[in-house]
Amino acid sequence: MRREFHWFPAAVTGAMLVYSLLPIVTFTLFSFNPSPFYAFPLTGFTTDWYVKLLADGRIGDSLVASVTIAASVMVAATVIGTMFAFFVVRAAVPFKRVLAGLGFLPLVVPVLVLAAGLQVTFVEIGLPLGFGTVILGHVIYATPFVTLMVMAPLYRYNPALDAAARDLGAGPFTTLRLVTLPILWPGIRSGALLAFLLSFNEWAIAFFTGRGVNSLPMLVYSLQRNGLPPTVLAYAALSTAVVAIAALAVLPLVTRLLRGSK
Amino acid sequence: MNETWRSWLSGTPWLLMIGCFFILPLAGLLLMSFSGEGGFPSLDNYRVVLGEGSDRPAVLLRTIGTALSVVLLSIAIAVPAAYYLAKCVLSARVQAAVLALVAVTFLVGPLVRTVAWRGILGRSGLVNTVLQGLGVIDEPIMALLYGRPAVIVAMTYNAFPFMLFTVFLAMKMIDDRYLAAGRDLGAGPATVFWRIVLPLAAPGIWTGAILVFVPTISTVLEPEILGGTSGRLAATEIRDQFFHALNWPMGSTLTIVLIVAGGVAILALALVTAALARLSGRIGIAMRAGSTGAGSAR
């Protein structure tokens, strides 16, 4: 089809990019500003805030806590979410639509509601609030996203490949390990990355169910209440850089998927 | 290995977790909301929340209204942009780059994304500094930060990518030949958009609207960080009941009321949209044409 230039959608797309980038650019700019206030004017250039950030013991502790939680959530959510994607796409059991729908419910219930409900439940059943409960809560929050990411390649998956592997003498587990999972791997990898980032940034569930757990979002939350020191801006800029590098890793995959669906 | 057995094996872990740590907690909230001063079960909390002289219904309406305006703003941003990316831009690389850019800023996390607006909307923030530099205003506009507009700007910022991604996927799946056929039959670009693209992308817009609406009614961060003294929202009240008043039954009641109100709002929106589509013959015809077209392509 011949495509032509449409100025209105093009302008909105441009405005959307500005809207998306403006806050990121602003805090990155101010993370190098010597003034302790997050406000104009820019008075110079300094990396002091980064030095202070890295020297701050609390940040290190919180980083360890956040990475521990996010890594555990990533492993659990990826395994469980991938399995559930198989259930949604391939299972032939009674009431499958209802059961599959049930699995996606966390997407349509506000996180705050989940957080409050989990706190009440954990306390009622006597589970001590801490790392374990935060991880559990984050797994509930992140798993449906993993399932969504794995479902897309699984729907496109050609079942003849499995049959071919079987004909060549591979058992079900060998087929899964050597044929199915490698083909689904790009989707699984994106899902894992998403689960990690969702958990890493999540605040409400950690706040409700993690007594004594000081993850990075909780630390940033308490820091911004007392006047927002520029070290928070330095942290924001650094974490943006990390996310950007992770995104570069999956960009070729996204491009390929978009080409494929044309 | 038996096929049924394998099916259950793949679904059971997550369904068990959903049962224990999702259905059960929601049921727990529901039960707890009925324990009032008069013991259990009682409607005391609901009487306090919805009874005469309570400001909670106003807070609830404000919350739903704010969330609906965030949904509308997200549609206004995401639908044209998704259309441009999915149907006007040829290069898959450009599409991926723009989406990835939005995704990166999205994954930086709501807390940082919200705090960032202070430096843009503040008294000596980016907007005021630029406007003053250009000589448009003499005094900084104080109303930018710490009020409803700032909250809505940040909420939209935090939620619109959901809309962008779902609408983009929906539009990407529309067969280009439908658009070409429309053009061949004499429709201009605007007609093609309103009568072919939009009806076919409607399910994607709906999914996006729900994915934007749900987190927006329950967010605590934006009103707290940017809201100043502008009216309280429901989520903040829930948080305060759990952490400051330590009144869990009341917190549970407010939570249940918020879920129900949110559900009613979405239902009402669906009914209004359906009624509008039926009233307007144009859209009705376009939707029917769209659905049969999609059906025959399958």
Side-chain angles (χ1 to χ4, degrees), chain A residues 1 3 6 8-10 12-13 16-17 20-24 26-27 30 38-40 80 83-84 86-87 91-93 99 102-103 105-106 108 110-113 116-118 120-121 124 136 140 143 172 197 201 203-204 217 220-221 224 228 236 239-240 243-244 247 251 254-255 258-259 261, chain B residues 1 4 7-8 10-11 13-15 17-18 21-22 24-26 28-29 32 77 80-81 83-84 88 90 92-93 95-96 100-105 107-109 111-113 115-120 122 124-126 129 172 176 179-180 189 210 214-215 217-218 235 238 242 248 251 255 259:
Chain A
M1 187 186 104
R3 312 214 179 196
H6 298 293
F8 180 71
V12 174
T13 309
M16 178 190 78
L17 281 177
S20 293
L21 289 174
L22 198 61
I24 311 287
T26 309
F27 67 61
F30 279 100
Y38 183 26
F40 281 91
I80 299 171
M83 288 172 77
F84 192 65
F86 275 89
F87 180 82
V93 297
L99 291 173
L102 216 59
L105 270 188
V108 295
V111 179
L112 187 80
V113 174
L118 282 173
V120 170
T121 311
E124 290 290 324
L136 209 53
I140 297 288
T143 301
L197 289 171
N201 289 319
W203 174 81
V220 172
Y221 174 73
Q224 64 83 22
L228 189 66
S239 64
T240 309
V243 175
L251 191 58
V254 179
T255 312
L258 291 177
R259 284 221 180 93
S261 70
Chain B
M1 193 162 54
T4 316
S7 295
W8 283 117
S10 62
W14 178 237
L15 289 174
M17 283 194 75
I18 282 284
F21 300 112
F22 187 79
L24 200 67
L26 292 190
L29 277 183
M32 188 167 261
I77 298 168
Y83 174 63
Y84 184 68
C88 303
L90 270 176
R93 194 168 290 151
Q95 295 174 357
L101 212 60
V102 176
V104 165
T105 64
L107 291 170
V108 166
L111 192 56
V112 167
R113 283 167 69 91
V115 169
W117 284 97
R118 280 193 186 165
I120 298 173
S124 309
L126 186 66
T129 307
K172 188 84 191 164
D176 280 346
L179 279 65
I210 289 170
V214 166
I217 57 169
S218 89
I238 294 173
F242 275 96
W248 287 16
T255 312
I259 300 182

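In the text below, chain A, chain B and the rest are named by the order of the sequence lines, each starting its count at 1.
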Item to check | Partner residues of A:Tyr221 under the ring pair (Phe, Tyr, Trp, His ring centres under 6.0 Å) criterion, sequence neighbours left out | outcome: A:Trp203, A:Phe207
Checklist entry - Hey, is the main chain of A:Gly103 close enough, under 3.5 Å, to the side chain of B:Trp14 for a donor-acceptor pair? => result yes
Checklist outcome for this item: What one should report as the nearest heavy-atom pair of B:Met17 and A:Ile80 is SD-CD1, 3.5 Å
Item to check | Euclidean distance, A:Leu118 CG relative to B:Phe22 CZ, rounded to 0.5 Å | outcome: 9.0 Å
Checklist entry - Which answer fits B:Phe242, side chain, backbone, both or neither, if we ask what part of it has an atom under 4.5 Å from a heavy atom of chain A? => result side chain
Checklist outcome for this item: In terms of heavy-atom pairs under 4.5 Å with chain B, the winner among A:Val243, A:Ile140, A:Leu197 is A:Ile140
Checklist outcome for this item: In terms of heavy-atom contacts, B:Ile77 and A:Val12 come closest through O-CG1, 3.4 Å
Next on the checklist: Checking A:Phe27 now: which residues fulfil ring pair (Phe, Tyr, Trp, His ring centres under 6.0 Å) with it, not counting sequence neighbours?
Outcome noted: none
Checklist entry - Where does A:Thr240 contact chain B at under 4.5 Å (heavy atoms): side chain, backbone, both or neither? => result both
Checklist entry - At what distance, to the nearest 0.5 angstrom, does CG of B:Leu107 lie from CG of A:Asn201? => result 7.0 Å
Checklist entry - A:Leu112 and B:Ile238: side chain to side chain contact (heavy atoms under 4.5 Å, CB included), yes or no, with the steps? => result CA-CA 9 Å; A:Leu112 187 80; B:Ile238 294 173; 4.0 Å; yes
Checklist entry - Do you know the tightest heavy-atom contact between B:Ser7 and A:Ala92? => result OG-N, 3.5 Å
Item to check | Nearest heavy atoms of A:Val108 and B:Val214, plus distance in Å | outcome: O-CG2, 3.6 Å
Checklist entry - Of all heavy-atom pairs between A:Ser239 and B:Val108, which one has the smallest distance, and what is that distance? => result OG-CG1, 4.4 Å
Checklist entry - Given side chains that start at C-beta, do those of B:Ile217 and A:Pro110 come closer than 4.5 Å, heavy atoms only? => result yes
Checklist entry - Pick from A:Leu21, A:Thr143, A:Val111: which one has the most heavy-atom pairs with chain B under 4.5 Å? => result A:Thr143
Item to check | Separation of B:Ser10 OG from A:Phe86 CZ (nearest 0.5 Å) | outcome: 8.5 Å
Checklist outcome for this item: Minimal heavy-atom distance between A:Leu99 and B:Leu15, with the atoms involved, is O-CD2, 3.5 Å
Next on the checklist: Any heavy-atom pair between the side chains of B:Arg113 and A:Pro23 that's under 4.5 Å?
Outcome noted: no
Checklist entry - When heavy-atom pairs shorter than 4.5 Å are enumerated against chain B, which of A:Pro106, A:Ala244, A:Ala91 gives the highest number? => result A:Pro106
Checklist entry - How many angstroms lie between CD1 in B:Ile18 and CG in A:Leu102, if you round to the nearest 0.5 Å? => result 6.5 Å
Item to check | When B:Thr255, B:Leu126, B:Leu26, B:Ile210 are compared by non-hydrogen pairs under 4.5 Å with chain A, the top option | outcome: B:Leu126
Item to check | Between OH on residue B:Tyr84 and CE on residue A:Met16, distance to nearest 0.5 Å | outcome: 11.0 Å
Checklist entry - What is the distance from atom CG of A:Leu22 to atom OG1 of B:Thr105, rounded to the nearest 0.5 Å? => result 11.5 Å
Next on the checklist: Using heavy-atom distances under 4.5 Å, tell me whether A:Thr13 contacts chain B through its side chain, its backbone, both, or neither.
Outcome noted: both
